[in-house]
Amino acid sequence: ILAHGNSGQEITFTRSGTSDWWGITFCLGGSGEFSHCLFEQASRTVALDGDAGSVSITDCNLRDGGSGIYASGGEVELGSTIISGMSSYGIMCSSISPTFLDGDVVIEDCNYGVYLTSITDLNLATSLTIRSATQAGVYLIDCIDPTLDNLIVTGCSGIRGALCLGRCGEAVLGPGN
């Protein structure tokens with residue numbers, strides 16, 4: 001899928017009436033590029049399952065759904081994008097790490113901001129802003145010896161707070177946090 005809108009003329013992906021919609025799922029090598037798009041009210045807004053290809057999302061707004069980005073395979077690139085109002089995860093990845101192309105990705109008002117599991121050599125060093133997560137801003141499980149730098153995590157009121165690490169070994173926090 002190639003969906004390239006323009007500033008002020010975004011392409012909108014949303015449900016029809018009151019019906020539920022799952023979102024857009026990529027599998028079996030499927031790939032996509034989205035720029036200047038609005039995604040709203042999807043269960044899993046953009047998903048990459050198992051053997052998916054790659055998805056690039058830039059200058060987009062993902063809002064008011066279940067999960068913003070869900071990935072268990074493939075590659076995810078995000079730049080200048082806002083993910084907000086997700087009842088589960090802003091970004092949830094298992095075994096792959098999202099790539100943040102610039103410092104203009106904002107995740108706000110989600111249950112979990114970024115939830116990552118089972119990622120080897122995790123290096124989150126590009127500036128990322130996470131605000132007002134109700135469970136955890138950044139939640140890492142089985143991400144051995146991660147490096148975290150340039151994260152701005154504020155107003156996370158949940159029991160897991162701004163940063164929660166489980167079975168991650170020795171985390172390195174850079175000076176930009």
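What's counted below: heavy atoms across the whole structure, side chains too, no hydrogens, waters or symmetry copies. Worth saying up front: this structure is predicted, and the values here are computed from it rather than measured.
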Quick check: closest heavy atoms across [X] and [Y], and the distance to 0.1 Å?
X      : Y      : value
Leu62  : Gly68  : CD2-O, 3.6 Å
Ala42  : Gly23  : CB-CA, 3.8 Å
Cys156 : Gly161 : CB-O, 3.7 Å
Gly103 : Thr126 : N-CG2, 4.2 Å
Arg160 : Cys164 : O-CB, 3.8 Å
Val76  : Ala71  : CG2-CB, 3.9 Å

How long is the span from the [atom1] atom in [X] to the [atom2] atom in [Y], to the nearest 0.5 Å?
X      : Y      : atom1 : atom2 : result
Glu33  : Leu2   : CD    : CG    : 5.0 Å
Leu151 : Ser127 : CG    : OG    : 8.0 Å
Ile144 : Thr120 : CD1   : OG1   : 8.0 Å
Met86  : Asn111 : CE    : CG    : 12.0 Å
Asp145 : Cys168 : CG    : SG    : 9.0 Å
Ser80  : His36  : OG    : NE2   : 8.5 Å

Cluster question for you: counting only ILVMFWY and a side-chain heavy-atom cut-off of under 4.5 Å, with indirect links fine, are [X] and [Y] together?
X      : Y      : value
Ile130 : Leu173 : yes
Ile24  : Tyr70  : no
Ile69  : Trp22  : no
Phe100 : Tyr115 : no
Leu124 : Leu165 : yes

Side-chain contact test, heavy atoms from C-beta onward, threshold under 4.5 Å: evaluate it for [X] versus [Y] and give yes or no.
X      : Y      : value
Ile82  : Glu108 : yes
His4   : Ser35  : yes
Leu140 : Leu122 : yes
Ile107 : Leu128 : yes
Tyr112 : Ser88  : no
Phe39  : Thr12  : no
Ile119 : Cys143 : yes
Ser84  : Arg63  : yes

Short side-chain to backbone donor-acceptor contact, Glu10 and Gly8, under 3.5 Å: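 Answer holds: yes.
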
Exam field: side chain Trp21 to backbone Glu40, donor-acceptor pair closer than 3.5 Å: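 Answer holds: yes.
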
Residue Gln41 excluded, over 12 heavy atoms near CD under 6.0 Å: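 Yes.
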
Crowding at CG, Asn6 (>12 non-hydrogen neighbours, <6.0 Å):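 Yes, the 6.0 Å shell around CG holds more than 12 heavy atoms from other groups.
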
Check: Tyr89 ring centroid to Tyr139 ring centroid under 6.0 Å: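 No, ring centres 6.0 Å or more apart.
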
Verdict with reasoning, Asp142 to Thr117, per side-chain hydrogen bond (donor to acceptor under 3.5 Å, both in side chains): CA-CA 6 Å; Asp142 296 322; Thr117 66; over 6 Å; no

From CA spacing to verdict: side-chain contact (heavy atoms from CB on, under 4.5 Å), Cys93, Ile91: CA-CA 7 Å; Cys93 294; Ile91 298 173; 3.8 Å; yes

What pairs of donor and acceptor atoms, side-chain ones from residues 48-61 against any protein atom, are under 3.5 angstrom apart with sequence neighbours left out?
from: Asp49; atom 1: OD1; to: Arg44; atom 2: NH2; distance (Å): 3.3
from: Asp49; atom 1: OD2; to: Arg44; atom 2: NH2; distance (Å): 3.1
from: Asp51; atom 1: OD1; to: Leu28; atom 2: N; distance (Å): 3.0

Residue that, paired with Asp104, satisfies side chain to side chain contact (heavy atoms under 4.5 Å, CB included) out of Asp102, Leu101, Val106: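 Running side chain to side chain contact (heavy atoms under 4.5 Å, CB included) over Asp102, Leu101, Val106 with Asp104 returns exactly one hit, Asp102.
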
Partner residues of Ser118 under the side-chain hydrogen bond (donor to acceptor under 3.5 Å, both in side chains) criterion, sequence neighbours left out: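 None.
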
